[in-house]
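To start, the structure itself, in structure tokens.
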Amino acid sequence: MDLTIKWHELINKAWNDRKSLQESNEFDSWRVFHGYTEGAKGVVIEKFGMMAIVEYKDDIRDDLAVIKDALLQHFPFTLILAKGNQSIRIPLKDRMFALHGDLSCAPAFAQEYGVNYSLLPDSMHNCGLYLDARPVRKWLANNSSGRRVLNLFSFTGSLGVAALKGGAKEAVHLDKSKDLLPRIQASYEKNGLDYGTRSFIKGDIYKHLPKAIKNKQKFDGIILDPPPKVYKSPYSEHQPKGQDFSRLVNMCSKLLNTKGWLICLFHSFDATWEFLDSHIIESSSNTLKVTEHFTSECDFPDENNDRKLRVSIFEKI
Ligand SMILES: C[S@@+](CC[C@H](N)C(=O)[O-])C[C@H]1O[C@@H](n2cnc3c(N)ncnc32)[C@H](O)[C@@H]1O
């Protein structure tokens with residue numbers, strides 16, 4: 001056990017710092033412990049309903065029992081899952097297991113602002129809902145009424161589902177992973193949304209966006225949330241850098257109606273917000289202007305805003 005980490009103290013403080021989230025009653029999921037700034041760099045703990053997931057990049061297996069006790073002192077979790085990152089070179093079965101309770105008690109959905117989002121708790125990667133994007137889902141629910149929305153890099157479709165629950169007339173999700181369809185469909189069904197045959201396009205963005213431009217497709221809102229590192233596509237000659245906003249925004253701006261919005265999620269920490277905004281505007285050939293800014297909330301504490309998830313909203317001029 002790493003005796004230098006005082007888990008009870010750290011988790012106690014983190015729990016108390018999130019009182020506003022616990023009292024809000026508007027969602028059942030948040031980040032309980034953000035190790036990067038709260039005292040244990042390689043560890044994050046997230047709550048989804050009655051389940052907690054302890055994710056670790058450092059080998060803290062000897063500390064897990066103490067972490068479990070500290071969590072149970074604050075909340076009657078029915079399941080606490082330990083998920084070790086693959087960077088810890090041990091077999092999968094020794095990295096991921098239930099510390100408390102049984103996987104059969106895992107929740108199938110998270111609830112947030114009256115919307116249900118499907119979860120796959122024992123997935124080796126994110127279980128389906130990125131908690132730092134909670135304010136993005138809230139924004140979408142408030143700004144999508146009557147709009148046709150394109151959700152790029154959709155993953156489980158949570159951002160598009162938020163837009164639909166906010167009155168979007170259509171959401172089109174695009175992602176290259178074939179495993180996502182049943183997870184998107186589960187969220188539609190649970191929220192009483194109609195799943196149309198064209199709701200999900202499984203494919204590469206660098207293949208489908210040029211095609212959509214050629215077919216003169218138009219949207220009133222585009223969600224652009226590329227992963228921190230976009231890989232080279234077999235459908236494009238160019239070598240993407242980071243989130244590849246220059247190429248992606250260039251294409252998105254051609255698909256947006258006047259007064260349509262583009263929402264960009266910035267995951268890299270190596271540039272100022274100002275720089276990122278002007279990069280987006282330039283990539284759109286000055287057809288966009290910034291209208292709003294926000295970051296992740298108090299469950300991702302960081303004194304430096306440039307190290308939080310930064311979100312910018314642009315409008316097509
Ligand atoms: C970080 S997740 C996006 C999170 C999502 N916006 C959300 O809020 O849940 C990144 C997704 O991008 C997809 N992806 C990566 N490269 C892609 C590409 N070239 N074309 C289509 N999808 C891609 C991956 O399959 C993955 O699901």
Side-chain angles (χ1 to χ4, degrees), residues 27 29-31 46 48 55 109-110 112-113 115-121 123-141 144 149-166 168 171-188 191 199-212 221-252 255 262-268 294-297 300 309-313:
F27 35 81
S29 305
W30 60 84
R31 182 164 283 192
E46 296 191 325
F48 297 91
E55 286 195 57
F109 295 92
E112 197 184 270
Y113 301 119
V115 186
N116 293 284
Y117 296 101
S118 73
L119 300 175
L120 196 61
S123 142
M124 249 347 270
H125 302 292
N126 180 285
C127 71
L129 192 67
Y130 285 95
L131 297 177
D132 56 350
R134 185 189 317 114
V136 179
R137 291 183 288 274
K138 187 174 187 181
W139 188 91
L140 288 165
S144 298
V149 173
L150 178 61
N151 184 17
L152 299 172
F153 301 96
S154 72
F155 187 45
T156 53
S158 57
L159 301 178
V161 167
L164 284 170
K165 289 298 279 183
V172 178
H173 308 274
L174 199 161
D175 199 288
K176 68 177 179 188
S177 166
K178 65 174 179 353
D179 304 328
L180 295 167
L181 184 58
R183 300 172 72 181
I184 299 179
Q185 279 174 325
S187 286
Y188 269 66
N191 288 296
S199 296
F200 179 61
I201 301 169
K202 186 211 98 54
D204 192 299
I205 207 159
Y206 296 96
K207 174 184 174 195
H208 288 280
L209 289 195
K211 220 164 104 184
I222 300 183
I223 302 161
L224 186 53
D225 182 20
K229 170 144 189 47
V230 172
Y231 289 101
K232 186 174 178 329
S233 159
Y235 298 94
S236 174
E237 283 305 304
H238 85 295
Q239 180 64 51
K241 245 180 82 191
Q243 289 188 270
D244 199 28
F245 281 116
S246 40
R247 180 60 63 103
L248 292 166
V249 170
N250 177 279
M251 294 193 282
C252 287
L255 291 166
L262 171 72
I263 180 163
C264 293
L265 283 72
F266 300 123
H267 295 292
S268 65
F294 49 86
T295 67
S296 47
E297 297 176 331
F300 290 77
L309 168 68
R310 290 168 289 174
V311 183
S312 293
I313 317 285

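Just follow the structure's listing: the first ligand is 1, and inside any ligand the first atom is 1.
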ask   = Do the non-hydrogen side-chain atoms of Arg137 and Val115 ever get within less than 4.5 Å of each other?
value = no

query = Nearest to atom 22 (N) of ligand 1, what protein heavy atom do you find, and at what distance?
reply = Lys176 N, 3.1 Å

request  = List every atom of ligand 1 that sits less than 4.0 Å from any heavy atom of Asp225, numbering the atoms from 1 in the order shown and giving each element.
outcome  = 3 (C), 4 (C), 5 (C), 6 (N), 7 (C), 8 (O)

query = Do the side chains of Ser199 and Tyr188 get nearer than 4.5 Å, heavy atoms only?
reply = yes

ask   = Does ligand 1 have an atom that lies less than 4.0 angstrom from a heavy atom of Ser233?
value = no

Side-chain touch Ser233/Ile205, heavy atoms, less than 4.5 angstrom = no

Numbered atoms and elements of ligand 1 in range of Gly203, under 4.0 angstrom, heavy atoms = 20 (N), 21 (C)

request  = Could you check atom 3 (C) of ligand 1 against the protein and tell me its nearest heavy-atom contact, residue, atom and distance included?
outcome  = Phe153 O, 3.1 Å

task = Please check if atom NZ in Lys241 has more than 12 non-hydrogen atoms from other residues, nucleotides or ligands closer than 6.0 Å.
result = no

query = Taking distance alone, with no angle check, do Tyr206 and ligand 1 share an N/O pair under 3.5 Å?
reply = no

message = Counting only nitrogen or oxygen atoms and a 3.5 angstrom limit, does Leu152 reach ligand 1?
response = no

query = Applying a strict 4.0 Å limit to heavy atoms, is Gly128 in contact with ligand 1?
reply = no

query = Would you call Val136 and Ile223 a side-chain contact if the rule is heavy atoms closer than 4.5 Å?
reply = no

ask   = Do any heavy atoms of Val230 fall under 4.0 Å from ligand 1?
value = no

4.5 Å side-chain heavy-atom contact, Ser158 and Tyr130 = no

query = Looking at side-chain heavy atoms only, is the closest gap between Phe300 and Thr295 below 4.5 Å?
reply = no

Phe155, Tyr235, Tyr130: member with heavy atom nearest to atom 1 (C) of ligand 1 = Tyr130

ask   = Please state which protein non-hydrogen atom is closest to atom 25 (O) of ligand 1 and give its distance, to 0.1 Å?
value = Asp175 OD1, 2.6 Å

key: Polar contact flag for Asn151 and ligand 1 (N/O pairs, less than 3.5 Å)   = no

query = Which residue supplies the protein heavy atom nearest to atom 20 (N) of ligand 1, what is that atom called, and how far is it?
reply = Ile205 N, 3.0 Å

ask   = Among protein heavy atoms, which lies nearest atom 10 (C) of ligand 1, and at what distance?
value = Pro227 CD, 4.1 Å

ask   = Should you measure from each heavy atom of Leu159, which atoms of ligand 1 turn up under 4.0 Å away?
value = 6 (N), 8 (O)

task = Kindly indicate whether the side chain of Gln185, heavy atoms from C-beta on, has any atom under 4.5 Å from the side chain of Phe200.
result = no

ask   = Do Ser177 and Phe155 come within less than 4.5 Å of each other through their side chains, counting heavy atoms only?
value = no

task = Using heavy-atom distances, let me know which of Leu224, Asp204, Ile223 sits nearest atom 19 (N) of ligand 1.
result = Asp204

Under 3.5 Å: donor-acceptor pair, side chain of Glu112, backbone of Ala162 = no

